[in-house]
Amino acid sequence: MHQNEIIAFNHELLAWFQQNGRDLPWRRTKNPYYIWVSEVMLQQTQVDTVKPYYDRFITDFATPEALADAPEQSVLKMWEGLGYYSRARNLQQGVREVVEKYDGKLPDDKKKLLELHGIGPYTAGALLSIAFGQPEPAIDGNVMRVMSRVFMIDADIAKAKSKKQFEEVVGKLIAEANPSAFNQALMDLGAMICRPKRPDCPNCPVRRQCKAYSARVQEKYPVKSRPKKATVRCYAIVLVQDQLGRYLIEQRTDSGLLAGFWQFPMVECETNSDLLPAAFRKLASVERLDFHYIHRFSHLVWDLTLYRVDQAIDLPAGVARKWVAVDEFERYPFPVPHLKVIDWLKNLRMNT
DNA sequence: AATTCGGGGAA
DNA sequence: TTCCCAGAATT
């Protein structure tokens, strides 16, 4: 792209953004900490999903110090339902580092930002440009899609090494005068006009600079390989109550999937067949309940069946467990599939 | 370089 | 159903 085209691209993109850019809660603040929170929440998560979480989060954890001092469980509870919970844990750890090393003020230095937990290339670029006005690219899925079309880049955006190409083209394009608006304009363009499917090219401010549109091949971009299929695991979820009517729950390990979350005990089964899971066969009283739920993660599928037993079965040792009343569930972070179980239980209690 | 991390929105 | 989402950390 020639220099005059670059200037035209910037001018038309930013003019469009001024008129059509989204009014979002995290765009109404200049507080780098709030922008940081928003950027982490927005990773792999749509804007409308994030909004209520963002509002609650910055209300309860209004300062880096407040987040640094909070119990991790309360942070996870705040994040409950949003997914990718290591984001929350890494954000808190990163904030603790900022409080200790930088007196609670986010550094405006790329190298220092990248050393913080939970801040990778995208988030560093977003913070440098949006919070500190530096001309750094912030390459996310939106930007790769837009640039793949504008320049007809055939690199597979699912591959890690492809990102370098997009950094280079954005680095040449980025408006030095207003990198914050430039990066956010690209994101809005990707979300509103240059959509994954059926892009709205006639209303695109940069269609005259877009190679794919000129060739009418915009639907061919971006090139993206498909992920492999998710594997299925079957579990029996165990409901067991003590004499006070409290339910047994357990805490997942502090690493891996849903780390630190609480759940009803889960026993992995061979299949979800009508046969009783092997772990239950010695019990006198086992009732299969009318709750069957398929939960799809990105890389994993849980096939869940609910059982009620009258005594604690042999559960693995070394796991934190406790008896908790239904009314106390809200104190603990639960993954969504177990929130469904809780809903089911509450409905049951209401109808009996 | 590939895999592991959640959950929901949209067509 | 499938794809995608303001990705980062781990292997």
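A note on names: the letters A, B, ... follow the listed sequences, proteins ahead of strands, and every chain is numbered from 1. Heavy atoms only: backbone and side chains are in, while hydrogens, waters and symmetry mates are out.
Taking every side-chain heavy atom of A:Ser298 into account, B:dG6 is the closest of C:dA8, C:dA6, B:dG6. In this structure, of B:dG7, C:dC4, B:dG6, it is B:dG7 that holds the atom nearest to the side chain of A:His295. In the set C:dT1, C:dG7, B:dG6, C:dG7 carries the atom at the smallest distance from any side-chain atom of A:Gln43. With C:dA8, C:dA6, B:dG6 as the choices, the nucleotide that has an atom nearest any side-chain atom of A:Asp140 turns out to be C:dA6. The side chain of A:Trp26 approaches C:dA6 more closely than any other nucleotide in the set B:dC5, B:dG6, C:dA6. Taking every side-chain heavy atom of A:His299 into account, B:dC5 is the closest of C:dC5, C:dA8, B:dC5.
Contacts of A:Leu300 with the nucleic acid, taken as non-hydrogen atoms under 4.0 Å apart, are absent. Residue contacts shown for A:Val47 include a base, since a base heavy atom lies under 4.0 Å away. Contact annotation for A:Gly190: no contact, since no heavy-atom pair falls under 4.0 Å across all strands. No engagement by A:Leu186 is indicated, since no non-hydrogen atom pair under 4.0 Å with the nucleic acid exists. Using a 4.0 Å heavy-atom distance criterion, A:Arg226 is classed as a sugar-phosphate-only contact. Looking at heavy-atom distances under 4.0 Å, A:Phe297 makes contact with sugar-phosphate atoms alone, never a base.
Judged by distance alone, with hydrogens and angles left aside, the side-chain atoms of A:Arg145 form a donor-acceptor pair with the main-chain N or O of A:Gly190 at under 3.5 Å. No side-chain donor-acceptor contact under 3.5 Å links A:Gln184 to the backbone of A:Phe17.
Between A:Ser38 and A:Pro227, the one whose closest nucleotide on DNA chain C sits nearer the 5' end is A:Pro227. Residues A:Arg296 and A:Leu42 each lie close to DNA chain C; by heavy-atom proximity, the contact nearer the 5' end of the strand is made by A:Arg296. Between A:Leu258 and A:Lys197, the one whose closest nucleotide on DNA chain B sits nearer the 5' end is A:Leu258. Map A:Lys340 and A:Ala160 each onto its nearest nucleotide of DNA chain B; the residue landing nearer the 5' end is A:Ala160.
Between the CE atom of A:Met144 and the C1' atom of C:dG7 there is a distance of 9 Å, rounded to whole Å. In this structure, NZ of A:Lys228 is placed 18 Å from C1' of C:dT2, rounded to the nearest angstrom. When rounded to the nearest whole Å, the span between CZ of A:Arg195 and P of C:dA6 equals 14 Å. Atoms CD (A:Gln46) and P (C:dC3) sit 16 Å apart, rounded to a whole Å. When rounded to the nearest whole Å, the span between CH2 of A:Trp302 and P of B:dC5 equals 11 Å. Rounded to whole Å, the distance from CZ on A:Arg27 to C1' on C:dA6 is 9 Å. Distance, A:Lys224 NZ to C:dC4 P: 5 Å, rounded to whole Å. Taking atom CE of residue A:Met41 and atom P of nucleotide B:dG6, one finds them 15 Å apart after rounding to whole Å.
Close to B:dA1, at under 4.0 Å from its OP1 or OP2, lies no side-chain N or O of A:Lys161. Look at A:Ser86 and you won't find any side-chain N or O under 4.0 angstrom from OP1 or OP2 of C:dA8. Here A:Lys159 does not reach the OP1 or OP2 of B:dA1: none of its side-chain N or O atoms lies under 4.0 Å away. At C:dG7, one or more side-chain N or O atoms of A:Gln44 fall inside 4.0 Å of OP1 or OP2 (strictly under the cut-off). A close approach under 4.0 Å does not occur between any side-chain nitrogen or oxygen of A:Asn90 and OP1 or OP2 of C:dA8. For A:Arg145 and C:dC5, the shortest distance from a side-chain N or O to OP1 or OP2 is below 4.0 Å. When the side-chain nitrogen and oxygen atoms of A:His117 are compared with OP1 and OP2 of C:dA8, none of them lie within a distance under 4.0 Å. The phosphate of B:dC5 has neither OP1 nor OP2 within less than 4.0 Å of any side-chain N or O from A:Arg87.
Taking only distance into account, the side chain of A:Thr49 never meets the base of B:dG7 through a donor-acceptor pair shorter than 3.5 Å.
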### Task
For the pair A:Trp26 and A:Glu39, evaluate side chain to side chain donor-acceptor pair (under 3.5 Å) and give the outcome as yes or no after the intermediate values.
CA-CA 9 Å; A:Trp26 42 90; A:Glu39 289 300 341; 6.0 Å; no
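Side chains of A:Ser148 and A:Phe166 form a contact here, defined as non-hydrogen atoms less than 4.5 Å apart. Taking the side chain as every heavy atom from C-beta outward, A:Val326 and A:Tyr247 approach each other to under 4.5 Å.
The side-chain ring of A:Tyr84 is stacked on the base of B:dG6, judged by centre separation under 5.5 angstrom and plane angle under 30 degrees.
Remark: the separation of the P atoms in C:dA8 and B:dG8 is 22 Å, to the nearest Å. One P atom belongs to C:dA6, the other to B:dA10, and the distance between them is 12 Å to the nearest Å. C:dC4 and B:dC5 have their P atoms separated by 22 Å, given to the nearest Å.
No continuous path of hydrophobic side-chain contacts links A:Leu24 to A:Ile193 [ILVMFWY only; heavy atoms under 4.5 Å].
Aromatic rings of A:Phe264 and A:Tyr235 (six-membered ring for Trp) have centroids beyond the 6.0 Å cut-off, not under it. Checked against the 6.0 Å centroid criterion, the rings of A:Trp302 and A:Tyr293 do not qualify as a close aromatic pair.
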